[in-house]
J.: 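Handing you a structure now.
Sequence lines set the chain letters: A, B, ... in the order given, protein chains first and strands last, and positions in each chain run from 1.
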Amino acid sequence: MAAERYNHRETEPKWQSYWTDNRSFEAKEDYSKPKYYVLEMFPYPSGRIHMGHVRNYTMGDVIARFRRACGFNVLHPMGWDAFGMPAENAAIERGIHPKTWTYENIATMRRQLKSMGLAIDWSREFATCDPSYYKHEQAMFIDFMKAGLVERRVSMVNWDPVDQTVLANEQVIDGKGWRSGAVVEKRELAQWFLTITDYAEDLLGALDGLTTWPEKVRLMQKNWIGRSEGMTFTFELEDAKGQKLDEGLTVYTTRHDTIFGASFCAVSADHPLAKGLSKTNPTLEGFRKEVAALGTSEENIERAEKRGCPLGVFARHPFLKNVKLPVYAANFVLMGYGEGAIFGCPGHDQRDWDFAHKYHLPIIPVVGPRDVEVSVSEGPYLEKDGVESVLVNSEFLDGLTVPQAKEEVAKRFEMAGLGKRTVNFRLRDWGVSRQRYWGCPIPVVHCPDCGIVPVPKSELPVQLPDDVKFDRPGNPLAHHATWKHVACPNCNTPATRETDTFDTFIDSSWYFARFTSPHDESPVNVEAAKYWLPVDQYIGGVEHAILHLLYSRFYSRAMHKTGHLNADEPFASLFTQGMVIHETFKTEAGEWVLPSDAIHKDGVWIHANTGEQLIVGGVEKMSKSKRNVVDPDTIIASYGADTARWFMLSDTPPERDIEWTEAGADGSWKFTQKIWRIINDIAELPKAEATMEVDGLALRRVAHRSIAAITDDLNNLRFNRSIARIYELSNAMVSALQLPNKPQDMIGALREAGNFLVIAMAPMMPHLAEECWRLLGHRASVVDTAWPQTIAALIEVDEVTIAIQVNGKRRDEILVSKDCDRGLLETRVLEMDSIKRLIGGKTVKKVIIVPDRIVNIVVAE
RNA sequence: GCGGGCGUGGCGUAAUGGUAGCCGCAACGGACUUAAAAUCCGUUUUUCGAAAGGAAGUGCCGGUUCGAGUCCGGCCGCCCGCACCA
């Protein structure tokens with residue numbers, strides 16, 4: 001009986017409505033049940049969803065549906081990371097208000113996500129640009145201020161000249177703005193900072209506890225935090241005439257053992273000492289300007305040579321009365337790290353060596369392999385670990401190992417009161433001020449009398465004005481005629497609002513907590529958060545390994561400190577999925593061509609319309625510029641959401657990049673039809689129970705083993721493997737269905753396998769599963785059906801095929817009962833003709849038996 | 001430069017130190033069909049052989065082991081992250 005084709009166009013909207021009407025996926029506020037919180041990184045509403053979203057949200061959805069079937073109270077929410085520059089760019093380029101643009105995009109993308117059939121609790125949806133969301137962000141900021149988590153200070157900032165705003169260090173990539181790509185400049189500005197550095201040690205140490213995070217991400221965070229142990233100590237300074245100066249020079253070093261190899265000191269061009277001396281030294285002033293102009297960016301790219309300018313002052317060596325080290329301003333010393341000043345030891349540091357070489361400074365080797373003359377003419381000796389490296393030319397340190405010498409120097413400095421042991425971090429405080437309109441207003445007022453005054457919580461939110469113009473660069477809030485003029489909340493005299501808005505990474509640093517109580521009057525309902533958090537499974541792109549994930553970890557701690565949460569780590573388990581990639585084509589002229597316009601003909605690729613021969617590009621991340629984007633809407637319309645979801649989960653492991661191919665999509669589509677045929681055939685069979693009689697037993701074994709394997713795979717996010725098991729099960733069912741005569745228990749086994757198949761595929765292809773489930777005669781929805789229980793007796797095997805090796809080479813195999821007696825097995829194997837022939841007259845030295853696996857006969861050669 | 005990851009059929013991939021290549025795609029052969037599509041069955045690592053049956057094989061070289069795709073060392077190649085952090 002030929003079944004009709006499965007029609008996704010009717011079925012998918014039907015079941016989506018069913019789930020909505022039945023509120024199938026609204027999380028229950030029943031805190032007595034075991035919970036499972038699965039979250040995918042929420043999208044920026046850029047316009048339309050792309051295949052990367054489809055992959056990301058499909059994975060999360062499979063987990064949500066699977067955990068739900070396993071009996072968990074599942075929270076799987078969705079929202080919008082809705083503040084940001086693209087909305088302002090749309091306003092500038094197309095005259096659309098950022099708010100209109102954003103909410104229109106949200107509407108489109110919400111519709112698209114819903115067409116995927118995601119098991120999301122839409123009742124918890126919010127956008128970070130909703131005043132009802134950012135109101136709480138402002139309230140928490142005020143709490144952070146009171147708790148000492150916020151500082152305002154003038155500092156050198158990274159200025160993006162295109163976006164006309166400040167960037168955090170994390171947002172500067174290769175010296176360029178992470179979004180605009182413009183070369184970043186240095187500027188001095190008063191900025192708001194969150195004191196993430198206070199948590200550096202904690203954020204680093206707690207990484208060890210995040211055992212189910214990818215090792216790679218933990219390592220990236222570790223390197224980013226960049227802990228180093230060393231010493232800060234102070235040199236006495238004197239001028240060219242030998243006159244002692246009032247101020248000393250404090251430096252940071254991790255190699256205080258090499259103090260006797262010091263031949264110069266260097267400070268950053270922005271160091272107060274250099275700044276002060278430049279007032280009377282035009283050459284120095286010129287040098288400072290030069291360095292500032294270059295910024296950090298060009299240098300990185302060019303690997304610029306080390307350059308410096310003498311300050312005309314000298315540092316007295318702390319242990320050698322007669323040695324005076326010239327002090328330079330140098331372009332390779334960073335003001336933002338340590339003290340912004342170093343002592344140079346050219347013999348044991350590449351940068352110092354380069355610098356010394358250029359300016360003909362002494363290069364004194366002070367560490368070397370034991371009993372070997374050290375030469376540093378070709379470059380510095382950098383080895384510092386192990387007992388083989390010892391100090392030389394270093395007075396009281398001679399003969400000590402590097403760690404011993406460090407200890408000795410540290411003691412002497414500490415005793416003399418010249419210095420102390422210091423731990424330094426690469427991590428900087430998080431600058432959060434942005435000179436933009438489309439962000440959360442920073443809730444403070446600047447009063448000429450009272451200074452900085454937080455806006456009282458009763459007056460929150462400080463709402464963005466709608467009437468803004470984007471007719472000139474800079475911050476529209478600052479240009480607004482009236483918005484910033486307010487009375488001081490303290491003294492009521494005329495004052496001005498802060499016109500900077502928050503870095504949008506703040507918005508995404510706590511949204512996962514807001515999802516636990518999205519309508520609460522406080523930022524987060526602590527009881528709800530206590531139940532739902534941490535997120536059990538967080539899924540997103542590895543591009544957020546540092547920024548978003550580190551900020552969120554810090555934010556949780558800050559919220560903990562201010563009583564908004566009671567846990568420090570927001571994400572118990574993290575998974576970073578790969579990208580969606582697609583083939584690319586170019587014309588001879590270098591113009592990108594849509595892959596759908598490329599035709600393979602007679603061994604070459606030609607353009608479908610022009611006939612022009614095309615160059616095959618790489619398989620690359622989908623991007624508009626390369627024209628290799630595939631629109632999810634088109635795919636869902638033609639193939640259906642289930643097919644698209646299935647494709648995203650098949651074949652490629654989730655952490656790797658997946659290549660979108662037409663052939664693969666066709667394959668997935670064919671499989672949906674195959675399932676439909678199988679289930680139709682089964683539905684036509686008479687009713688029967690699965691028994692332990694022999695006819696259906698083989699199929700029952702496959703079914704139960706498949707479920708066991710799929711359960712294990714889904715628990716470990718191995719979607720591709722679980723899909724391979726579903727194929728196996730369906731293949732076994734096709735074979736069984738083709739038998740001409742089916743005994744009762746075979747029919748029972750087929751019916752059971754049919755149920756298993758539908759439940760197992762339901763997390764991946766939920767619409768088809770619902771349709772099949774009804775066809776099999778069930779009343780309840782498959783989303784309300786529990787994951788199958790397997791029968792141990794059907795999973796265990798009673799016979800095993802054991803491979804027989806001779807000297808480690810597979811030669812034959814033997815079928816024996818499970819847990820076969822070792823002696824018996826050995827005897828049987830040694831009596832086999834094929835084995836006897838191979839052994840010949842040689843002596844059997846040993847027989848290794850791995851139960852139910854291998855017999856390895858070791859014979860003398 | 002520093003740190004990390006990955007190299008398996010034509011392709012995507014699978015394999016608690018224990019029979020390498022499950023499953024899928026593509027390809028080829030066959031069945032059904034007036035024909036095509038769809039579907040179903042079969043073959044498909046390479047090589048020698050008519051077959052039976054051999055031999056080789058997880059980037060390269062070596063090591064540990066009864067046994068290595070898997071563990072260790074050294075290369076080669078590709079990918080990613082950080083990058084003047086003293």
J.: Count the heavy atoms of every other residue, nucleotide or ligand shown that sit under 6.0 Å from NZ of K674(A), and state whether that count exceeds 12.
T.: yes
J.: Classify the nucleic acid contact of N720(A) as base, sugar-phosphate or nothing, counting any heavy atom under 4.0 Å across all strands shown.
T.: sugar-phosphate
J.: Atom CZ of F671(A) and atom P of rC25(B): how far apart are they, to the nearest Å?
T.: 10 Å
J.: Any chance CZ of R701(A) has more than 12 other-residue heavy atoms, nucleotides or ligands included, within less than 6.0 Å?
T.: yes
J.: In whole angstrom, give me the gap between the C1' atoms of rG21(B) and rA56(B).
T.: 16 Å
J.: How close or far is atom P of rG5(B) from atom CE of M579(A), stated in whole angstroms?
T.: 19 Å
J.: Answer yes or no: does a side-chain N or O of Q738(A) lie under 4.0 Å from OP1 or OP2 of rC41(B)?
T.: yes
J.: Given the C1' atoms of rA68(B) and rA52(B), what is the spacing between them in whole Å?
T.: 31 Å
J.: Ignoring backbone atoms, test whether K809(A) places a side-chain nitrogen or oxygen under 4.0 Å from the OP1 or OP2 oxygen of rA56(B).
T.: yes
J.: Q221(A) side chain to L204(A) main-chain N or O, any donor-acceptor pair under 3.5 Å?
T.: no
J.: How far, in whole Å, is rU47(B) from rG57(B) if one measures between their C1' atoms?
T.: 10 Å
J.: Between C1' on rU16(B) and CG on N716(A), what's the gap in Å once rounded to a whole number?
T.: 13 Å
J.: If we ignore hydrogens and angles and just use 3.5 Å, is the side chain of T843(A) paired with the main-chain N or O of K845(A) as donor and acceptor?
T.: no
J.: For rA83(B), does OP1 or OP2 lie under 4.0 Å from any side-chain N or O of R426(A)?
T.: yes
J.: Take atom C1' in rC71(B) and the same atom in rG18(B), then report the distance between them in whole Å.
T.: 14 Å
J.: Hey, are E796(A) and K818(A) close enough for a salt bridge, meaning a charged N less than 4.0 Å from a carboxylate O?
T.: no
J.: Heavy-atom nearest nucleotide on RNA chain B for R255(A) versus V542(A): which residue maps closer to 5'?
T.: V542(A)
J.: Looking at R718(A) and D712(A), is any side-chain nitrogen of the basic one under 4.0 Å from a carboxylate oxygen of the acidic one?
T.: yes
J.: To the side chain of R677(A), which of rG12(B), rU39(B), rA15(B) is closest?
T.: rU39(B)
J.: Tell me which pairs pass salt bridge (Lys or Arg N to Asp or Glu O under 4.0 Å) where either residue lies in residues 662-673 of chain A, with sequence neighbours left out.
T.: none
J.: Using the C1' atom in both, what is the distance from rA51(B) to rC61(B), to the nearest Å?
T.: 39 Å
J.: Choose from rA86(B), rC40(B), rU13(B) the nucleotide whose nearest atom is closest to any side-chain atom of I342(A).
T.: rA86(B)
J.: rU19(B) and rG67(B): how far apart are their P atoms, nearest whole angstrom?
T.: 15 Å
J.: In this structure, how many angstroms lie between the C1' atom of rC82(B) and the CG atom of L547(A), rounded?
T.: 13 Å
J.: Mind calculating the distance between CD1 (I849(A)) and P (rC66(B)) to the nearest angstrom?
T.: 16 Å
J.: Give the B/S/- string for nucleotides 18-23 of chain B, one per nucleotide from 5' to 3', where a protein heavy atom under 4.0 Å of the base yields B, of only the sugar-phosphate yields S, and otherwise -.
T.: BB--BS
J.: OP1, OP2 of rG5(B) versus side-chain N and O of R656(A): anything below 4.0 Å?
T.: no
J.: What is the separation between atom CG on N223(A) and atom P on rA83(B), rounded to the nearest whole Å?
T.: 10 Å
J.: Before accepting this row, confirm whether a basic side-chain N of the pair R227(A)/E201(A) lies closer than 4.0 Å to the acidic partner's carboxylate O.
T.: yes
J.: Could you tell me how far apart L550(A) (CG) and rC82(B) (P) are, to the nearest whole angstrom?
T.: 13 Å
J.: Look through every strand shown and name the nucleotide pairing with rG49(B) as Watson-Crick or G-U wobble, where both distances are under 3.5 Å.
T.: none
J.: Could you tell me whether the side chains of T254(A) and S228(A) share a donor-acceptor contact shorter than 3.5 Å?
T.: no
J.: Rounded to whole angstroms, how far apart are CG on D349(A) and C1' on rA86(B)?
T.: 6 Å
J.: In the strands shown, is rU8(B) matched to any nucleotide by a Watson-Crick or G-U wobble pair with both distances under 3.5 Å, and which?
T.: none
J.: Taking for each residue the nucleotide of RNA chain B with the nearest heavy atom, is it E215(A) or E659(A) whose nucleotide lies nearer the 5' end?
T.: E215(A)
J.: Using a heavy-atom cut-off of 4.0 Å across all strands, would you classify R718(A) as base, sugar-phosphate, or nothing?
T.: nothing
J.: Does any nucleotide pair with rA27(B) by Watson-Crick or G-U wobble geometry, both distances under 3.5 Å, and what is it?
T.: rU43(B)
J.: What does T254(A) touch in the nucleic acid at a heavy-atom separation under 4.0 angstrom: a base, only the sugar-phosphate, or nothing?
T.: sugar-phosphate
J.: Considering only rC40(B), rG81(B), rA86(B), which nucleotide approaches the side chain of V333(A) most closely?
T.: rA86(B)
J.: Does rG73(B) have a Watson-Crick or wobble partner in any strand here, with both distances under 3.5 angstrom, and which is it?
T.: rC61(B)
J.: Where does rG67(B) land, syn or anti, given syn is within 90° of 0?
T.: anti
J.: Checking contacts here: which listed nucleotide (rG3(B), rA86(B), rA14(B)) is nearest the side-chain heavy atoms of Y252(A)?
T.: rA86(B)
J.: Only one of K621(A), E659(A), R656(A) clears side chain to side chain contact (heavy atoms under 4.5 Å, CB included) with M579(A); which?
T.: K621(A)
J.: State the pairing partner of rG3(B); accept Watson-Crick or G-U wobble contacts with both distances under 3.5 Å, and report none otherwise.
T.: rC80(B)
J.: I want to verify a distance call: between rU13(B), rA38(B), rA55(B), whose nearest atom is closest to the R5(A) side chain?
T.: rA38(B)
J.: Taking the same atom, C1', in rA20(B) and in rA27(B), what whole-Å distance lies between them?
T.: 23 Å
J.: Using the C1' atoms only, state how far rC11(B) lies from rU16(B), rounded to an integer number of Å.
T.: 28 Å
